[in-house]
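Heads up, the thing below is written out as structure tokens.
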Amino acid sequence: QVQLVESGGGLVQPGGSLRLSCAASGSIGSINSVAWYRQAPGKQRDLVATITRGGTTNYVDSVKGRFSISRDNAKNTVYLQMNSLKPEDTADYYCNANIRTSGSPYYSTYWGRGTQVTFSS
């Protein structure tokens, strides 16, 4: 009933920028906190950034000053602006959201399928 779809990944050169989007659709009552994770080849999935419904943000140290998470509550969409990209940022990026479906009092966690960020040499 609820889907998260990431988009915006692609091929980038070192120092470049990308803007990822995470759009939620379906029977949505409310979206609480949202997070971006990333998983590099052969590694575990790691937290990158979080944003609360009120807009409070947090970042892992390795992306502070380069990445910016934001949200548009009216569009049920969260963004990750990534600047000054480095080869070590290569990964699949996943959106994770805490969502209450319409008519339900409970929040559940949902994942998107990811979008890939890769570097060209």
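Sequence positions, counted from 1, serve as the residue numbers for this chain.
Separating the CD atom in Q39 from the CD atom in Q116 is a distance of 11.5 Å, to the nearest 0.5 Å. Between L20 atom CG and Y93 atom OH the span is 7.5 Å, to the nearest 0.5 Å. The structure places OG of S104 at 9.5 Å from CD of Q1, a figure rounded to the nearest 0.5 Å. Taking CG of L80 as the reference point, atom OG of S68 lies at 8.0 Å (rounded to 0.5 Å).
The shortest side-chain heavy-atom distance between T101 and I28 does not fall under the 4.5 Å cut-off. Taking the side chain as every heavy atom from C-beta outward, R71 and T77 never approach each other to under 4.5 Å. Annotation: side chain of V60 is not in contact with side chain of Y37 (no heavy-atom distance under 4.5 Å). At least one side-chain heavy atom of I99 sits under 4.5 Å from a side-chain heavy atom of L4. At a threshold of 4.5 Å between non-hydrogen side-chain atoms, the residues I31 and R100 do not count as touching. Side-chain contact between I51 and T56: absent, with no pair of heavy atoms (C-beta onward) separated by less than 4.5 Å. Side-chain contact check for V12 versus F119: some heavy-atom pair is nearer than 4.5 Å. In this structure, N58 and K64 have side chains that are not in contact, with every pair of non-hydrogen atoms separated by 4.5 Å or more.
Between the side chain of R19 and the main chain of Q81, no donor-acceptor pair closer than 3.5 Å is present. Using modelled atom types, one side-chain atom of E6 and one backbone atom of R113 make a donor-acceptor pair closer than 3.5 Å.
Taking the six-membered ring for Trp, W36 and F67 have ring centres at least 6.0 Å apart.
A donor-acceptor contact closer than 3.5 angstrom is absent between the side chains of S33 and N98. Side chains of S30 and Y107: a donor-acceptor N/O pair is present below 3.5 angstrom, by distance only.
For the pair S17 and N83, the tightest heavy-atom approach, listed with the atom from each and the gap, is OG-OD1, 2.9 Å. Scanning both residues, M82 and V117, for their nearest heavy atoms gives CE-CG2, 3.8 Å. Scanning both residues, P87 and P14, for their nearest heavy atoms gives CG-CG, 4.2 Å.
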Checklist entry - Run the salt bridge (charged side-chain N to carboxylate O under 4.0 Å, His left out) check on R45 and D92 step by step: do they pass? => result CA-CA 9 Å; R45 190 173 297 186; D92 292 327; over 6 Å; no

Next on the checklist: Quick one, C22 with Y94, criterion side chain to side chain contact (heavy atoms under 4.5 Å, CB included). Give me CA distance, side-chain angles, the key distance, then yes/no.
Outcome noted: CA-CA 9 Å; C22 169; Y94 296 90; over 6 Å; no

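Taking hydrophobic clusters as Ile, Leu, Val, Met, Phe, Trp and Tyr residues chained together by side-chain heavy-atom distances below 4.5 Å, Y110 shares a cluster with V34. Note on V78 and W111: separate hydrophobic clusters, where clusters join Ile, Leu, Val, Met, Phe, Trp and Tyr whose side-chain heavy atoms are under 4.5 Å apart, directly or indirectly. Put simply, Y79 and L18 are part of two different groups of oily side chains (I, L, V, M, F, W, Y) that touch within less than 4.5 Å, one to the next.
A salt bridge is defined here as a Lys NZ or Arg NE, NH1 or NH2 lying under 4.0 Å from an Asp or Glu carboxylate O, and D89 with K86 fails to meet this definition.
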